[in-house]
Amino acid sequence: MQPKDTLKIIRPDDWHLHVRSGEMLKSVIGMTAAQMGRAIIMPNLTPPVSNAAQAKQYYQEIMNALPADTGFTPLMVLYLTDNTTPKQIQTALDGKLVVAAKLYPAGATTNSDDGVTDVKNIYPALEKMQQLGMPLLVHGEVTDAKIDIFDREAVFIEQILSKVIEDLPDLKIVFEHITTKEAVDFVLSSGDNVAATITPHHLLANRNDMLVGGIKPHYFCLPILKRENPHQRALLSAATSGNPKFFIGTDSAPHAKSDKESSCGCAGVLSANCAIELYATAFESEDALDKLEGFASIFGADFYGLPHNTETITLKKQDWIVPNSYPFADTVVVPFMAGKMLSWKFLVKD
């Protein structure tokens, strides 16, 4: 039995991560590599990573930026456009670096302007993915300006995702960074080929944290934070349930402090600096630390058909303050819960 003040689990993976490129990449990739064995790397660069050659180039850039001896592996993702072909899907998978493809509805989030304008445009590519067993990763929000921003995930389920699953019943789908009770219920009611990732900020915060007492731009993300009830509560219940349909995906997405605090701001939350500590905090709040290893280290690997990591990590029950900022290229980035106290601390990769 583990001591009550320590927690040892299989080394986790991050199944949804943004690491940017260039000097920004060098600033943050070590945060994830210290804790995680693998990470699904989001392809929404400028230009996007939309073919096998670009994925290989980005993979090499990440490998070159990694600190020595981390044992970390980036898992590459293809950015789907209206023009993605079945041949491009096959070529990407044959290259052994790309493990999934990403659906960004055009205009839904950061660097999504090259995304899909109508899901029907990519049905040939999706049919190929279904044939190959290649997962589709979904940013699940509609972009119709008439739809309230807090309802866009639920409407996406009703208008788009339900139809995709009806038409392509064997397609593996990861509904990423879910934020609503409707999304939890949808995943639970779907087959074993449908799973979801949940971020630490959607587990630990709700729209009051972002809006009460003044707008807090470093809590602004897409999909946007929702109500505590029923949505945040549903996410906490799903994450800590031990159901293998739900697993880690931090959606850690760093932006410069000046960009977040500008007149229009930008969506994205940095959590890679203390991802596993944040998840431990959420699971402890539900008296479910015994469920953390499955959520963090087992269920995602199983869904992707990958082996579990052989290393372990250790967390210690220890109060510490999240730094107010970290270096980020030639500026700084403010992390999620900056200046707040956490009670679990990542100690070591064993």
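Checked for salt-bridge contact, K317 and D5 miss the test: no charged N lies under 4.0 Å from a carboxylate O. A salt bridge links E311 with R11; the closest basic N to acidic carboxylate O contact falls under 4.0 Å. A salt bridge links R233 with E286: at least one charged nitrogen is closer than 4.0 Å to a carboxylate oxygen.
Within the cation-pi definition used here (under 6.0 Å to the ring centroid, within 45° of the axis), K257 does not qualify as a partner of F328. For the pair K291 and F295, the NZ or CZ position fails the cation-pi test of under 6.0 Å to the six-membered ring centre and within 45 degrees of the ring normal.
Here the side chain of S297 pairs no donor or acceptor atom with the backbone of G294 at under 3.5 angstrom. With hydrogens and angles ignored, the 3.5 Å screen pairs no side-chain donor or acceptor of Q88 with any backbone N or O of A52. Of the possible donor and acceptor atoms, one in the side chain of W320 sits under 3.5 Å from a partner among the backbone N and O of W344.
Counting only N and O atoms by type, the side chains of D167 and Y123 include a donor and acceptor under 3.5 Å apart. Side-chain N/O atoms of H202 and H231 include no donor and acceptor closer than 3.5 Å.
In this structure K226 satisfies the salt bridge (charged side-chain N to carboxylate O under 4.0 Å, His left out) test with no other residue, sequence neighbours excluded.
Atom NZ of K245 sits in a crowded spot, with more than 12 heavy atoms from other residues, nucleotides or ligands closer than 6.0 Å. Residue R207 places its CZ atom among more than 12 non-hydrogen atoms of other residues, nucleotides or ligands, all under 6.0 Å distant.
Taking the side chain as every heavy atom from C-beta outward, L137 and M42 approach each other to under 4.5 Å.
A continuous path of ILVMFWY side-chain contacts below 4.5 Å connects I122 to L168, so both sit in one hydrophobic cluster. A continuous path of hydrophobic side-chain contacts links I198 to V184 [ILVMFWY only; heavy atoms under 4.5 Å].
The list of salt bridge (Lys or Arg N to Asp or Glu O under 4.0 Å) pairs with a residue in residues 322-346, not counting sequence neighbours, is empty.
Across I10 and N309, no two heavy atoms sit closer than the pair CG2-O, 3.2 Å.
Here M341 is tied into one hydrophobic group with I321, each link being a pair of ILVMFWY side chains closer than 4.5 Å.
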Requested in this report: Walk me through it: do Y304 and W15 pass the test ring-ring contact (aromatic ring centres under 6.0 Å, His included)?
Outcome: CA-CA 10 Å; Y304 278 86; W15 301 102; 4.6 Å; yes

